Each structure stands twice: as C-alpha cells, then as structure tokens.
S.K.: 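Dropping a structure here in structure tokens format, bear with me for questions.
Worth saying up front: this structure is predicted, and the values here are computed from it rather than measured. Atom set for the values below is all heavy atoms of this structure, side chains included, hydrogens, waters and symmetry mates excluded. Just so we're on the same page: letters track the sequence lines, and every chain starts at 1.
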Amino acid sequence: MAIKPNKWTLLLFLAIPLIPLAVFWIFPLLVSIWLSFTDWDYISPTFHYVGLNNYTQLLSSHDFQAAVGHTLYYTVFSVIPIIVIGFLLAVLLNRLKYTYKFIQSLLFAPWVTPMIGMAIVWSWIFNSQIGPLNQVLHALHLPAPQWLSNPQAAMWTIIIVTIWKNVGWAALFYGDAISKIPRSLFEAADVESLSIWQKITHVLIPLVSPTTLFLFIVEILDCLQAYDQITVLTQGGPAGATRTLLYLYYELGFKQFQMGSATALSIVILVVAAILSFIAIRLSRHHVYY
Amino acid sequence: MAIIELKHVRKQYDKGETIFNDLNLSIQEGDFTVIVGPSGCGKSTLLRIMAGLEQVSGGEIYIADKLENDVPAKKRNIAMVFQNYALYPHMTVAKNIGFGLKMRGAKKAVIKEKVQNAAEMLDLTAYLDKYPADLSGGQMQRVALGRAIVRDSKIYLMDEPLSNLDAKLRATMRVELTKLHRQMQATTVYVTHDQTEAMTMADRIIVLYEGVIQQTGTADEIYTHPANTFVASFIGIPPMNLLQASRQDGEFCLAGQPLNISKVPADQTDLIIGLRPEDISPTFDSPIAMTVDVVENMGADQYVHGTLGAQPIVFRDSSHTHYHQGQSVGLHFNRHISNFYDPQTTQRLEEATWQ
C-alpha cells in the first residue's frame with residue numbers, strides 16, 4: 001500500500017535540507033540587511049538605527065566611487081583575457097593526442113592550489129629588488145616597473161595573478177565543450193569550403209556559447225569576491241589603487257569597525273552581482289545555443 | 001565517362017590496421033552508385049576518401065580526370081550529406097541551407113533564391129525559420145539534403161543518410177531521393193549497409209566486404225548472379241539458399257537425389273548451389289523434401305524455413321497454404337537461373353548450369 005504523505009510530512013522533508021541553508025545563508029543575509037541600517041561598531045553592545053544613512057554616505061564617498069572604478073577595471077581586464085586565453089588554449093590543446101591529460105592537469109593546478117600560498121610566491125616573483133620577473137626584464141633591457149609599489153602596475157599584478165589562476169580552469173571547461181561538438185560539424189564545414197577563421201567564428205564560437213556564458217558569470221563573481229591575492233600582494237594599496245569593493249568592505253568592517261557601512265556595502269555588492277547575472281542570462285537568450 | 005576513379009588505393013591507419021589494400025573503382029558520371037556492405041567493411045572510409053576528409057596511404061584518386069590526392073576537402077567542390085546530418089544547431093533551416101553560399105561570398109539575393117528553390121524541392125518552405133532542434137528526423141534529413149543541393153556540385157556523397165530514420169519514413173525518403181536524383185542528374189555516391197536501399201535506388205551497386213570489392217553491377221545483375229557466396233547471402237531478403245552438394249558416382253546429389261548439373265570443372269568434388277527463396281516452390285511429387293520449422297507471414301507471401309537433410313533452407317510461398325512445424329514438404333527447383341559456387345574459393349562457377 002502506498003503511503004499518502006500529508007502536508008506536515010511534506011513540510012518536514014522540505015525543512016530538513018532548508019536548515020543549513022537558513023542557518024548559513026538566509027539568516028546571515030537578513031542580519032546583514034538589518035545591520036546595514038545601524039551604526040554598530042562590531043565591538044560595543046549598543047548601536048543606533050540610522051536609517052539609510054549608511055547607504056547615502058557610502059554611495060557618495062570618494063572611497064566607494066574609487067573602489068567601483070577599481071573593481072570594474074579589475075573585472076574587465078581579468079575576465080576578458082581569462083575567457084579569450086582559456087578558449088585559445090583549449091583550441092590548441094584539443095589538437096594534442098597523448099599529452100592532453102597531462103597538460104590539462106598542469107593547467108588546472110593553479111585553480112586547486114590555495115590562493116594564499118600562490119600569492120606569496122607571486123609576491124616574490126613581482127618583488128622589484130629580488131624578484132625573478134624584473135631580473136629577466138632587466139636582462140632583456142626592458143622597462144622593469146616597481147610592480148607592487150606603483151599604483152598602475154599594482155593593479156596589473158593582481159590582474160595577472162587572477163588570470164594565471166583562472167585561465168586553466170576556463171580552458172578545461174572549453175576543452176570539454178569543444179570535445180563534445182560532433183566532428184561531422186567541422187567536416188561539413190570543410191566540405192563547405194570554410195576557412196579556419198570562418199570555422200572558428202561561425203561554428204566553434206557559437207557552439208561553445210553556453211560555456212562562455214557560464215564562465216562569464218562565474219568569473220565576474222570570482223572577481224567581485226577576489227580577496228586573497230589582494231591581501232597578500234598589495235593590501236589594497238598603494239594609495240588605495242587596488243582597493244576593490246570587497247576589499248573596501250573588509251577595511252570598513254574589520255579595520256575601521258564601521259560594521260553598518262560595511263554591511264551596507266556588502267548588500268550593494270550582492271545587488272550588483274545579482275543584476276550582472278540577470279543581465280548575462282537575459283542576453284544569453286539571443287546569443288547562447290544549447 | 002568515369003567522373004571518380006580510384007586506382008590501387010591503399011588505406012592504413014597509424015596503428016597498422018589496413019582498411020584497403022589495392023582498391024580500384026570507377027564511378028560513372030550521372031549515375032546513382034550505391035556502395036553497400038556490412039558495418040566495418042570500409043564503405044564510409046571510402047566515401048570520406050572521395051570527399052577528401054581522409055588521406056590515402058597509397059594509390060591515386062582522380063576526380064574528373066584530375067589527380068586529387070593532395071587536394072583538401074574544401075577545394076574539391078563536392079557536396080556531402082552526413083549520417084547524423086551535421087546541421088548547425090545555432091542556425092535556422094534557411095541559414096543552414098545557405099551557410100556555405102554565404103561563406104563563399106554569394107550575394108544575398110542569390111542565396112535567398114537558391115534556398116527558396118531547394119526548400120520547395122524538399123517541401124521545407126514552412127520550416128525555413130525553425131531551428132534544427134524543432135525538427136523531426138526526416139525534416140533534418142531534408143535540410144541536410146538541401147544544404148547539399150544548393151552547392152550545385154557535380155558530385156554528391158551521402159553517408160548512410162537514412163539510417164537514423166524509422167522504417168516508414170525511410171521507405172518514403174528512398175522514393176524522394178530517387179526522384180531528386182532524376183531531377184538533378186548529378187553523380188551520386190551513396191553509402192549504406194541496407195541492401196534494400198541499394199536494390200531500390202542504385203543505377204550501379206558496389207558490394208564491399210572487408211575492404212575488398214566483391215561485385216559491381218546493376219541491381220539485377222547482382223541479385224540474379226551474385227559473384228560469390230558473400231554477395232549471395234548479403235543481397236536479398238531472405239538471403240539466397242546456399243546448399244552443399246557433393247559428387248556421388250560422377251553426379252552432384254542433394255539429399256541423395258541427382259541434380260543434373262553440367263559443365264562443372266572435373267576436379268570439383270563439392271559445390272554450393274545458390275537458389276533464391278522464390279526459385280523454390282512446394283510440390284507433391286518431389287523426392288527432395290524439407291522439414292518445416294518456422295513460417296514467417298509477410299502478408300502478401302510467407303517465408304517457410306526448415307531443413308533439408310542437415311542444411312537450412314527457406315522458400316517463398318505466395319499461396320496461402322498452411323504449413324506446420326515438422327511437416328515434410330516436397331520441393332521443386334526453378335532451373336532458369338544457374339548459380340553454383342566453389343566451396344573453397346566461394347567464387348561463382350561461371351560455366352556450370354542446370355541441365
């Protein structure tokens with residue numbers, strides 16, 4: 001005999017998996033929203049409600065506006081190269097036969113290694129006195145910038161490390177997507193007299209578009225959440241040149257103890273991430289082919 | 001005139017597996033040639049060699065009397081239809097059909113006209129704005145054909161284009177393809193494992209087995225006079241009966257009965273008699289009798305399977321006689337067509353005939 005579950009049994013079974021979600025996600029989110037309307041300093045037991053003050057102050061502050069610019073710069077110049085280089089790597093690797101798996105795991109290594117450890121190695125590589133990078137640049141008589149102390153160069157060190165970390169991961173996804181395209185589609189293109197360039201632009205790129213969309217969203221979110229490489233390499237400096245939104249959040253909350261402003265900022269980041277994902281998915285309806 | 005000629009073609013893969021060793025064939029201009037054989041016989045590889053998608057290890061490929069060994073697929077001006085259709089999922093039917101033209105820089109108006117014409121020919125006009133994912137197998141098949149048609153190529157290569165369709169649609173498409181070929185008059189090379197497709201559509205059939213051409217000829221020639229026992233058993237449903245007979249007192253006998261076969265080489269002690277199921281009929285007064293095992297009712301006629309001595313035998317009966325298992329049925333052989341094979345070489349004994 002089949003047992004017909006009643007409403008309460010159903011709710012119980014739904015509630016159990018919802019518990020961790022509620023504890024670790026929904027509850028902190030609600031608390032954050034609530035905190036963003038207060039002036040809590042992270043230490044005192046007391047606080048005052050300040051309404052939308054945190055938001056108005058934040059949005060009009062110079063630090064916030066600068067951080068928006070940095071985040072945008074960082075995201076654009078990280079995500080686009082990650083996707084382009086990842087795609088090209090996948091196309092090239094796809095031609096390999098025997099060494100493919102080995103090179104794939106090499107490319108994937110940066111993704112699975114903890115960022116803190118890698119960032120420390122990179123800080124040595126970028127060191128302007130003893131770092132191997134500048135020694136090579138000197139030897140080649142090329143300009144060797146003060147990577148970590150020059151505001152312009154500092155952002156690029158962060159970008160380079162991010163690209164290095166994520167590109168293999170992107171290549172892995174592209175490699176998988178390319179390998180799933182039926183070979184006959186390329187053979188049909190051969191018979192139709194397409195050039196290599198036409199094959200890439202008219203066949204390959206449209207057919208990996210779901211992967212491109214996925215990587216786009218994931219990489220943008222990854223950039224919005226970048227913290228480890230910034231904290232090890234530049235601590236948001238020099239002169240705030242690498243202070244992204246998330247790093248500003250960290251400084252506001254845990255250095256300046258303005259938890260109210262910090263949580264307001266975190267809500268702004270959340271909304272931005274949600275809007276970006278939404279736009280990406282909307283765009284995908286016209287440009288992504290499953 | 002031969003439009004495609006393969007001379008002494010050898011194909012060997014890197015791992016040493018040999019597909020063809022000295023294969024020769026020629027395809028006549030305007031013919032609908034079907035290459036038929038069981039899976040793994042090399043027929044698709046052969047087609048891909050003609051298309052330029054596969055390199056040969058030796059020998060020469062001539063297309064319209066030009067040596068094309070080193071000419072890549074994109075320079076051969078050959079249209080090809082793939083087994084899985086190879087339609088681009090991100091393009092509409094119209095774009096799929098016109099894609100090659102567009103890539104070669106044809107004018108928009110020209111593309112539109114050609115796509116329209118092809119769509120009308122293939123009954124696809126209503127689907128031009130649809131995507132492949134919205135189409136049925138038969139429609140996708142027609143789009144793939146449309147893409148080949150707008151090429152205006154002299155040569156069409158088709159790699160098992162009907163194998164993914166259901167039986168009913170396959171029968172319709174066979175007729176459609178035959179009509180299309182008559183309309184276009186273009187040389188078509190068609191690869192299939194389905195002997196029905198070969199029989200119904202081909203001007204010429206090439207039977208391929210284990211990388212070796214077994215026989216080339218019209219459907220009639222191949223059906224009535226298979227060159228060897230492989231062709232005899234591969235072409236025709238149910239396959240040709242192949243009955244072992246041995247010489248007793250100078251006379252070939254079956255089930256102890258002399259058969260009156262003449263012009264058999266004197267050193268031949270055994271031979272195989274090839275008899276189509278429709279060339280055997282039941283009779284009351286024959287000393288040769290089979291034991292009925294299974295009857296397959298095909299509607300218009302029935303296939304009666306059984307054994308003659310220890311050998312399996314089947315005949316086609318269009319009367320509605322009822323047969324039952326274990327029944328003994330006397331058999332009469334139609335002696336108009338003579339097919340006798342050497343058991344050692346499996347080749348047809350050309351001279352041997354019924355008396």
Side-chain angles (χ1 to χ4, degrees), chain A residues 83-84 87 90-91 93-101 173-217 280-290, chain B residues 14-15 44 47-55 71-92 95-106 131-134 140 143-153 155-161 164:
Chain A
I83 287 181
V84 172
F87 174 73
V91 172
L93 287 181
N94 196 43
R95 305 233 155 183
L96 299 178
K97 274 183 189 162
Y98 309 110
T99 47
Y100 183 54
K101 288 275 170 220
F173 273 86
Y174 272 127
D176 184 55
I178 292 171
S179 71
K180 283 190 180 130
I181 299 175
R183 214 173 111 197
S184 62
L185 286 183
F186 296 108
E187 289 175 347
D190 268 334
V191 173
E192 293 271 17
S193 316
L194 265 68
S195 67
I196 289 179
W197 178 243
Q198 285 172 324
K199 273 195 268 185
I200 290 178
T201 53
H202 287 83
V203 182
L204 194 50
I205 290 177
L207 288 175
V208 296
S209 59
T211 304
T212 307
L213 172 73
F214 166 76
L215 288 174
F216 228 82
I217 295 174
I281 290 168
R282 277 305 285 266
L283 280 178
S284 75
R285 288 189 193 168
H286 302 286
H287 301 285
V288 174
Y289 309 95
Y290 292 99
Chain B
D14 297 342
K15 289 174 189 158
S44 283
L47 199 73
R48 294 164 58 82
I49 285 173
M50 294 179 197
L53 295 171
E54 203 88 55
Q55 293 290 309
V71 179
K74 60 180 174 186
K75 298 221 168 110
R76 287 200 186 178
N77 190 26
I78 279 175
M80 183 155 173
V81 179
F82 291 84
Q83 183 173 8
N84 61 0
Y85 320 135
L87 300 182
Y88 299 107
H90 58 291
M91 295 180 199
T92 60
K95 287 208 172 122
N96 257 298
I97 296 176
F99 181 58
L101 292 170
K102 188 179 158 199
M103 290 297 109
R104 285 187 296 278
Y131 284 89
D134 305 326
M140 285 200 265
V143 177
L145 281 172
R147 193 164 64 181
I149 289 170
V150 295
R151 283 295 301 268
D152 279 338
S153 170
I155 299 170
Y156 289 82
L157 304 181
M158 303 191 185
D159 189 1
E160 307 217 21
N164 291 346

S.K.: B:A79 versus chain A, heavy atoms under 4.5 Å apart: side chain, backbone, both or neither?
M.R.: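 When you check distances to chain A, only backbone atoms of B:A79 fall under 4.5 Å.
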S.K.: Hey, is OH on B:Y88 packed in by over 12 heavy atoms from elsewhere, all under 6.0 Å?
M.R.: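 Buried by this count: over 12 neighbours within 6.0 Å.
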S.K.: Return the minimal non-hydrogen interatomic distance between A:S184 and B:F82, and the atom names on each side.
M.R.: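 Closest approach of A:S184 to B:F82, heavy atoms only: CB-CD2, 3.9 Å.
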S.K.: Should B:M80 and A:E187 count as side-chain neighbours, where that means a heavy-atom distance under 4.5 Å?
M.R.: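 When only atoms from C-beta onward are counted, A:E187 and B:M80 do not touch, as no gap falls below 4.5 Å.
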S.K.: Heavy atom to heavy atom, less than 4.5 Å: which residues from residues 175-183 of chain A reach chain B?
M.R.: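 Result: A:P182, A:R183.
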S.K.: Please enumerate all residues that pass side-chain hydrogen bond (donor to acceptor under 3.5 Å, both in side chains) together with B:D159, with sequence neighbours excluded.
M.R.: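 Expected list: B:S44.
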S.K.: Side chain, backbone, both or neither: which part of B:L157 has a non-hydrogen atom closer than 4.5 Å to chain A?
M.R.: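 No part of B:L157 comes within 4.5 Å of chain A.
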S.K.: Using heavy-atom distances under 4.5 Å, tell me whether B:R76 contacts chain A through its side chain, its backbone, both, or neither.
M.R.: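 Neither; nothing under 4.5 Å.
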S.K.: Using a cut-off of under 4.5 Å on heavy-atom pairs, state which of B:A73, B:P72, B:A86 scores highest against chain A.
M.R.: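 Ranked by heavy-atom pairs under 4.5 Å with chain A, first place is B:A86.
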S.K.: Just wondering, do A:E192 and B:M103 contact through their side chains at under 4.5 Å, heavy atoms?
M.R.: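 The answer is no, as the side chains (C-beta and beyond) never meet within the 4.5 Å cut-off.
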S.K.: Does atom NZ of A:K199 have more than 12 heavy-atom neighbours from other groups under 6.0 Å away?
M.R.: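 Buried by this count: over 12 neighbours within 6.0 Å.
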S.K.: Checking heavy atoms, do the side chain of B:R147, its backbone, both or neither come under 4.5 Å from chain A?
M.R.: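 For B:R147, the contact with chain A is made by backbone and side chain together.
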S.K.: Calculate, to the nearest 0.5 Å, the distance between atoms CG and CG belonging to B:N84 and A:L185 respectively.
M.R.: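 The distance works out to 7.0 Å.
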S.K.: Could you tell me which portion of B:I78 (side chain, backbone, both or neither) has an atom closer than 4.5 angstrom to a non-hydrogen atom of chain A?
M.R.: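 For B:I78, the backbone is the part near chain A, not the side chain.
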S.K.: With side chains defined as the heavy atoms from C-beta onward, is the minimum distance between B:R104 and A:S193 less than 4.5 Å?
M.R.: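 Yes; the side chains approach each other to less than 4.5 Å.
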S.K.: Taking C-beta and beyond as the side chain, do B:K74 and A:L194 meet within less than 4.5 Å on heavy atoms?
M.R.: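 Counting from C-beta outward, B:K74 and A:L194 never come under 4.5 Å.
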